[in-house]
Each structure stands twice: as C-alpha cells, then as structure tokens.
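All values derive from a computational prediction rather than experimental measurement.
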Amino acid sequence: MARVELKNVRKVYPGNVEAVKNANLNIHDKEFIVLVGPSGCGKSTTLRMIAGLEEISDGEIYIGDTLVNDVPPKNRDIAMVFQNYALYPHMTVYKNMAFGLMLRKYPKAEIEQRVHEAAQILGIEHLLDRKPKALSGGERQRVAVGRAIVRQPKVFLFDEPLSNLDAKLRVQMRAEISKLHTRLQSTMIYVTHDQVEAMTMGDRIVVMLDGVIQQIAPPLELYHHPVNKFVAGFIGSPPMNFLEGDLVAENGALRFHDKSHTLHIDVHESQFAALKHYAGEKIILGVRPEHFLENHSQQAAPGRSMTANVEVVEPMGHEVYLYLDVGGQSITARIPVGETEPAVNKPHVLDIDTQGIHFFDIQTEAAIT
C-alpha cells in the first residue's frame, strides 16, 4: 500500500472557475480518509485528480514516493469505485471482475484465484455467473468493489459509492466497506456528501467548502472542536443550532444576551480569556441539539434555561426531536422520550448544558477558542 500526498494542488476550469484551491493533504499508508462537503465543494474533483482523470492546474500529487502529475491513470496503481457502478452489462459478474486483469495479461489461474478470493470476501460467489441486470443495487455495488479488490492496488478510491442505494442498504454497505478496510489494511480515499457516512467510516475526515479544505481531523475532534461555523453546522445530525447575540462582561463574569434570553457562560479559563476580548460585541453561540436538556419542572432557571415555542415534534423512538422558535430564531433540540410529549404551539422550557456550547466570531465565523 502507499501514502498519498497533495501539495498546493489547484484545479481551474475554463472561465477561471477555481474548483480546488491550494489543497494540502497528507494521507498515511493504510489510512481510511473521507472527503466530505456539500455539492460543488471540490471533493470529487480532488479524488479525480488523484486518480488522474482530471489534470491538475498547479501543485504536486505523490502516490508513495512517486510524483504522478504526468503519470496516466492506468499506471498509478489505483482502483476506483464509481457512484454508478460502471459495470459492463453484457458480461457476467466473473468477467466484470476479471476484465482489468485480462487486459493486463495476467495468467488465467491467477485471475481465477483473485476473482474467487474477492468474491468470497464480499459474499458474492453465488453471483459470478449472473449479469448485472439480474442483480440488486447492493449486489452491483459489491461487484464494483470486487473489481477494485482483484487489482490489489496501492490505493482504493471511492466516489460516492452508496448514494444510489436505499437508506437501510447504505448503512449495511458502509459497515461492509469499513470491515473491508480492516481486512485488506489498504489506503482508502472515500468521497461523500453524507456527514453520517463520513463520521462512521473515516479514520480522519477532510471537510471541504468552495474548493477549500476547512479542517482535517478524526471524527470526534471535528465534532467537539470545529474550527469554524461551517464545520460545526455540517458535522452532526441534526446540525448545531446557532444564535446571534451580545456578549456582556459583568462583575468578572460573561453573559450572552439574545432578543429574549440571558445565558451565563461557564467555560474553561483559557476560553474565558479569548471570549473576554469580544465583550460588548455581537457573537454567534452554537448549541448542539443534545445539549438542550429537558426541564421537568418547566420552571426557567435564570441564566441556565431557554423558553421557546414548539413548532414541530418528531418522535424518533428512544428520543424526540423538537423544532422550536426562540425570539424569531429556529432551533432543534434532541431530548429523551418522557411521559408526555411537549405540545405544539405551546411554550416549552429547556435547560442548556453550558459546558457544551461553542462560540464563533460573527465576521469571520472562526471558532473562538
């Protein structure tokens, strides 16, 4: 297997459209890394540049110790799994998986061994004589992955491979791909727009927006320590809530005032020092849905509670999602199932775990840490 490194990589399309801007990324040998972001953020373009399917406009790409800027895709020792599977409809599953090896003139016995080993790993041995039209979406995806496995490449590239599957099958297949990575101990680069996929699969996650890498970190670090408002809002489901208000310093303490509430800010000493510089200014406060706590007495505690109007109640089995309006700002809370559900179009009191709140500069949207 091999490491992959991008140094100041750019992609500019005609009309001076900059799809990827000075991307710097060091992917370790045997690492499973996920590129995630909204449509048009540059993640698939980055993957295709690594594959050699897109020419880079500037910078350097290394696979192992080899500079591959001018190396054609077939000589980069990579295998790619596409969103649309890209199977040959007139060929059997066996021939689809074997085709790349046949083109490279591998011995027939080795081809057969590799195909059967990959089919066994993926549980598709019984499908080898079928053609793609006789397969379900999940089976076709396994065949596409199997075709990559038989190549035994240095690097596997996945371009939104699960987006055509239904929700239940997506969950099953992402677990299968994660197990496959553990079994093969290979370098894998995976592109998705689904942050849940990214959080559950990646050793590290690369969050992109408008062609710029925003943050590279393990899943929980992204979740607990986002570098800016975009990362904070993109990672997590339901997403983080954001409230705009004034930061006020009073008697050696900090308080957050929005249109209808005042919250006491209880943070570590180092963050207190950083926040103190914003006293008298507007900031953005971020609260994840799970950091709203059910107030069983429905009596607001000054500086620790928030009263909001319930707009929608979504029972999710073991928990309830509340969509609320607080002073004209929409928030989402995730609370455990109680004996009674909050009533729609009625005020509801929630406490806030102030240890879990985040703060962002209203101009730059960078995290205040």
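- Between Val81 and Ala144 the shortest heavy-atom distance is CG2-O, 3.9 Å.
- Remark: Arg3 engages Asp65 in a salt bridge, criterion side-chain N to carboxylate O under 4.0 Å.
- Between the side chain of Gln185 and the backbone N or O of Thr182 there is at least one donor-acceptor pair closer than 3.5 Å.
- In this structure, Lys11 satisfies the cation-pi test against Tyr13, with its NZ or CZ atom closer than 6.0 Å to the six-membered ring centre and inside 45 degrees of the ring normal.
- The cluster map of Ile, Leu, Val, Met, Phe, Trp and Tyr, joined by side-chain heavy atoms under 4.5 Å apart, puts Tyr278 and Ile362 in different clusters.
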**OP:** Might you work through the salt bridge (Lys or Arg N to Asp or Glu O under 4.0 Å) test for Arg142 and Glu139, ending with a clear yes or no?
**Re:** CA-CA 5 Å; Arg142 281 186 168 86; Glu139 289 168 341; over 6 Å; no
Original post:
Between Asp266 and Gln355, does a side chain to side chain donor-acceptor pair (under 3.5 Å) hold up when you go through it step by step?
Top reply: CA-CA 6 Å; Asp266 181 18; Gln355 289 291 325; 3.0 Å; yes
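- Atom CG of Leu47 and atom CG of Leu53 lie 8.5 Å apart (nearest 0.5 Å).
- Listed by chain and number, the residues in a side-chain hydrogen bond (donor to acceptor under 3.5 Å, both in side chains) with Glu112 amount to none (sequence neighbours excluded).
- No side-chain heavy atom of Met49 sits less than 4.5 Å from a side-chain heavy atom of Leu6.
- Within the 4.5 Å cutoff, the side chain of Leu184 has heavy atoms near those of the Phe156 side chain.
- Remark: the backbone N or O of Gly100 is paired with a side-chain donor or acceptor of Arg104 at under 3.5 angstrom.
- When atom types are taken as modelled, the side chain of Lys43 and the backbone of Leu35 share no donor-acceptor pair closer than 3.5 angstrom.
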**OP:** Quick one: do His348 and Glu294 satisfy side chain to side chain donor-acceptor pair (under 3.5 Å)? Show the steps, please.
**Re:** CA-CA 9 Å; His348 193 73; Glu294 184 67 294; 2.9 Å; yes
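- Between Pro226 and Phe234, the closest side-chain pair of non-hydrogen atoms is not below 4.5 Å.
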**OP:** Quick one: do Asp351 and Asn295 satisfy side chain to side chain donor-acceptor pair (under 3.5 Å)? Show the steps, please.
**Re:** CA-CA 6 Å; Asp351 294 335; Asn295 182 310; 3.0 Å; yes
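- Val231 and Tyr223 end up in the same hydrophobic cluster when Ile, Leu, Val, Met, Phe, Trp and Tyr side chains are linked at under 4.5 Å.
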Original post:
Are Met306 and Ile331 close enough, and set up right, to give a side chain to side chain contact (heavy atoms under 4.5 Å, CB included), and what steps lead you there?
Top reply: CA-CA 11 Å; Met306 179 174 287; Ile331 61 171; 4.1 Å; yes
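- Counting only distance, with no hydrogens or angles, the side chain of Arg140 and the backbone of Pro132 share a donor-acceptor pair below 3.5 Å.
- The only member of Ile124, Ile111, Leu87, Thr92 that meets side chain to side chain contact (heavy atoms under 4.5 Å, CB included) when paired with Met97 is Ile124.
- The shortest distance between side-chain heavy atoms of Thr66 and Asp77 does not fall below 4.5 Å.
- For the pair Leu263 and Ile357, the minimum side-chain heavy-atom distance is 4.5 Å or more.
- Cluster annotation: Val326 and Phe360 are assigned to distinct hydrophobic clusters (Ile/Leu/Val/Met/Phe/Trp/Tyr, side-chain heavy-atom contacts under 4.5 Å, transitive).
- A cation-pi contact, defined as under 6.0 Å to the ring centre and within 45° of the axis, is absent between Arg174 and Tyr190.
- When side chains are defined from C-beta on, Val9 does not count as touching Asn22, because their heavy atoms never get closer than 4.5 Å.
- Atom SG of Cys41 sits about 11.0 Å away from atom NE2 of His193, to the nearest 0.5 Å.
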**OP:** Start with the C-alpha gap between Met80 and Phe82, add the side-chain angles, then the distance that decides, and say whether side chain to side chain contact (heavy atoms under 4.5 Å, CB included) holds.
**Re:** CA-CA 6 Å; Met80 191 158 180; Phe82 296 93; 3.9 Å; yes
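- Using a distance-only test at 3.5 Å, with no hydrogens or angles considered, a donor-acceptor pair links the side chain of Asn164 to the main chain of Gln83.
- Ion pairing between a basic and an acidic side chain is recognised when a charged N comes within 4.0 Å of a carboxylate O; Glu117 and Arg114 show no such pairing.
- Side-chain atoms of Arg76 come within 3.5 Å of backbone atoms of Val68 as a donor-acceptor pair (strictly under, hydrogens ignored).
- Considering Glu55, Glu160, Glu54 in turn, Glu54 is the only one that fulfils the salt bridge (charged side-chain N to carboxylate O under 4.0 Å, His left out) rule with Arg48.
- The pair Arg204-Glu31 meets the salt-bridge criterion, since a charged nitrogen lies less than 4.0 angstrom from a carboxylate oxygen.
- Using the six-membered ring where Trp is involved, Tyr323 and Tyr321 have ring planes that are perpendicular, over 60° apart on the 30 and 60° scheme.
- Nearest heavy atom pair, residue Arg334 against residue Pro238, reads NH1-CD, 3.8 Å.
- Formation of a donor-acceptor pair under 3.5 Å by the Asn241 side chain with backbone atoms of Thr332 is found in this model.
- Of the possible polar contacts, none joining the Gln271 side chain to the His268 backbone as a donor-acceptor pair under 3.5 Å is found.
- His261 places a side-chain N or O within donor-acceptor distance of the main-chain N or O of Thr307, the cut-off being under 3.5 Å.
- The minimum heavy-atom distance linking Ile284 with Lys229 is given by the pair CD1-CD, 4.0 Å.
- For the residue pair Asn96 and Tyr88, the shortest heavy atom distance occurs at OD1-N, 2.7 Å.
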Subject >> CA sep, side-chain torsions, deciding dist, call: Asp203, Lys30, side chain to side chain contact (heavy atoms under 4.5 Å, CB included) >> reply: CA-CA 10 Å; Asp203 296 328; Lys30 301 178 183 178; over 6 Å; no
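- Exactly one of Gln215, Gln214, Glu365 qualifies for a side chain to side chain donor-acceptor pair (under 3.5 Å) with Asn228. That residue is Gln214.
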Subject >> Verdict with reasoning, Glu290 to Glu319, per side chain to side chain contact (heavy atoms under 4.5 Å, CB included) >> reply: CA-CA 10 Å; Glu290 62 269 26; Glu319 58 189 9; over 6 Å; no
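- Contact record, Glu197 with Leu162: OE2-CB, 3.8 Å, taken as the closest heavy-atom pair.
- The structure places CZ of Arg151 at 12.5 Å from CD1 of Ile149, a figure rounded to the nearest 0.5 Å.
- With rounding to the nearest 0.5 Å, the separation of NE2 in His264 from CZ in Arg255 is 5.0 Å.
- Note that CD of Glu281 and CD of Gln363 are 9.0 Å apart. Values are rounded to the nearest 0.5 Å.
- A heavy-atom distance below 4.5 Å is not found between the side chains of Phe158 and Thr192.
- Under the 4.5 Å side-chain heavy-atom criterion for Ile, Leu, Val, Met, Phe, Trp and Tyr, Met240 and Val36 are members of distinct hydrophobic clusters.
- Hydrophobic clustering, with ILVMFWY side chains joined whenever heavy atoms are under 4.5 angstrom apart, groups Leu180 together with Met201.
- Between the side chain of Glu60 and the backbone N or O of Asn8 there is no donor-acceptor pair closer than 3.5 Å.
- Between Arg10 and Val20 the shortest side-chain heavy-atom distance does not fall below 4.5 Å.
- The OG atom of Ser237 sits 10.5 Å away from the CE atom of Met199 when rounded to the nearest 0.5 Å.
- In plain terms, the two heavy atoms of Ile78 and Pro73 that are nearest each other are CG1-O, 4.3 Å.
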